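Heads up: the structure comes next, in structure tokens.
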2 protein chains.
Amino acid sequence: MTSSAHGHPSAFPKPGHNHARCTSDALRRAEAVCASRKVRLTEIRRRVLEAVWQSHVPVGAYDILSQLNAGGGRTAPMQIYRALEFLMDNGLVHRIASLNAFIGCAHMGEDNHAAQFLICRSCGTTAELESAPLKRALIQAVAERGFTIDSQIVEISGFCPHCTPKGRT
Amino acid sequence: MTSSAHGHPSAFPKPGHNHARCTSDALRRAEAVCASRKVRLTEIRRRVLEAVWQSHVPVGAYDILSQLNAGGGRTAPMQIYRALEFLMDNGLVHRIASLNAFIGCAHMGEDNHAAQFLICRSCGTTAELESAPLKRALIQAVAERGFTIDSQIVEISGFCPHCTPKGRT
DNA sequence: CGTATAATGTTATGTTATAACATTTACAAG
DNA sequence: CTTGTAAATGTTATAACATAACATTATACG
């Protein structure tokens with residue numbers, strides 16, 4: 001089970017969940033992925049990954065920077081971006097283009113998975129959506145137009161189940 | 001017929017098409033939309049719209065700025081962003097989040113249409129994809145997770161039909 | 001051990017976007 | 001036509017996001 005909030009695999013992260021577990025799970029899996037790919041999860045990369053996993057809300061590069069430098073550090077932006085690049089290259093982190101921010105990958109190790117994201121306008125919580133029908137429809141629609149797909153960004157903004165006023169759907 | 005390149009409605013803009021016609025069509029339609037919405041397509045807004053329509057390749061705000069200032073103008077970035085905001089609010093222009101760039105809307109006047117984009121990695125040409133099945137699959141997948149959709153970004157990067165090597169699909 | 005490669009450190013700068021406030025313009029009510 | 005007001009524009013400054021270029025240090029492997 002690879003859910004990001006210990007519920008049903010496709011459940012949206014719940015407000016009160018034990019997030020420490022998300023973080024520790026993520027770090028353990030990241031170690032495993034890096035070991036199997038024979039790449040190094042160095043100190044700074046690990047710290048950036050931890051920062052990204054502080055919550056299910058995407059975090060900006062400069063927010064990560066502030067955190068790392070909170071105790072008087074001298075890390076430079078470049079170093080953060082390099083660590084993020086590494087983490088993205090290895091499928092550990094995703095970039096949310098509409099927010100210029102980054103979020104931990106909920107499906108580490110599943111090579112090359114193309115993710116879709118649900119972004120709550122109210123609480124900021126962002127979850128991955130893995131919908132096979134959606135993926136199929138997308139591939140189909142693109143192919144019909146003679147386009148060769150390379151990569152895709154799907155970011156859906158709205159209200160998560162916990163922020164949706166009752167009665168609405 | 002609202003195609004962006006005078007072919008089949010869903011055709012990808014062709015390299016050699018008469019683009020002057022795209023531009024003039026777009027400006028005419030924009031006038032109509034603004035008239036019907038009782039908003040003003042002022043000088044700067046019109047010039048920004050023209051700049052956006054110079055091609056089917058998304059253009060950055062600062063590129064627009066350079067163009068407007070080419071003849072010794074003194075327009076400031078803020079003015080460009082304000083014009084772009086107006087054009088987006090009125091459905092005349094779209095923002096491509098993955099490129100931090102802007103492109104003319106191929107479906108002006110169709111209120112609130114949620115667009116998907118095909119972005120060619122080779123020539124940069126970007127076209128709108130209006131796929132009903134894709135839209136349905138997306139709404140369905142999102143609803144299943146109890147999420148209330150508000151807006152969506154779908155940007156697909158790859159090779160357009162004119163840049164796809166023969167034999168591949 | 002030494003050397004090649006990967007990773008990190010450092011400085012500077014490029015690029016995208018907005019805040020805040022001043023001025024001008026359009027337009028309608030009196 | 002003139003005056004109030006809302007919309008639009010002009011202007012300055014700065015915030016926020018990202019990368020280039022080069023120096024230094026660490027790792028690992030022959």
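Every value quoted in this text rests on a predicted model; they were computed, and no experiment measured them. Basis for what follows: all heavy atoms, side chains included, without hydrogens, waters or symmetry-related copies.
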>> Rounding to an integer number of Å, can you tell me how far B:R47 CZ sits from D:dT9 C1'?
In response: 13 Å
>> Is the ring pair A:Y62/A:Y81 parallel, tilted or perpendicular, if the boundaries are 30 and 60 degrees?
In response: perpendicular
> Atom CZ of B:R82 to atom P of D:dA8: distance rounded to whole Å?
Replying inline: 11 Å
> Between atom CE in A:M78 and atom C1' in D:dT24, what is the gap in whole Å?
Replying inline: 16 Å
> Given C:dT8, is OP1 or OP2 found less than 4.0 Å from the side-chain N or O atoms of A:T42?
Replying inline: yes
>> Between P on C:dT8 and CG on A:L68, what's the gap in Å once rounded to a whole number?
In response: 12 Å
>> So B:F86 and B:V48, do their side chains get closer than 4.5 Å, heavy atoms only?
In response: no
>> If I take atom CZ in residue A:R40 and atom C1' in nucleotide D:dC29, what distance separates them, rounded to the nearest angstrom?
In response: 13 Å
> Please give, in whole Å, the distance from C:dA19 P to B:E85 CD?
Replying inline: 10 Å
> Please give, in whole Å, the distance from C:dA6 C1' to A:I44 CD1?
Replying inline: 14 Å
> Is B:Y62 stacked on the base of C:dT16 when the test is centres under 5.5 angstrom and planes under 30 degrees?
Replying inline: yes
> Has A:R45 got a side-chain N or O lying under 4.0 Å from the OP1 or OP2 atom of C:dA7?
Replying inline: yes
>> Heavy-atom nearest nucleotide on DNA chain D for A:A101 versus B:R74: which residue maps closer to 5'?
In response: B:R74
>> Using the ring centroid of each side chain, check whether B:H107 and B:H94 are separated by less than 6.0 Å.
In response: no
>> Can you measure A:I64 atom CD1 to D:dC17 atom P for me and round it to whole angstrom units?
In response: 11 Å
> Can you tell me how far SG of B:C105 sits from CZ of B:R29, rounded to the nearest 0.5 angstrom?
Replying inline: 8.5 Å
> Quick one: on DNA chain C, does B:P77 or A:A76 contact a more 5' nucleotide (nearest heavy atom)?
Replying inline: A:A76
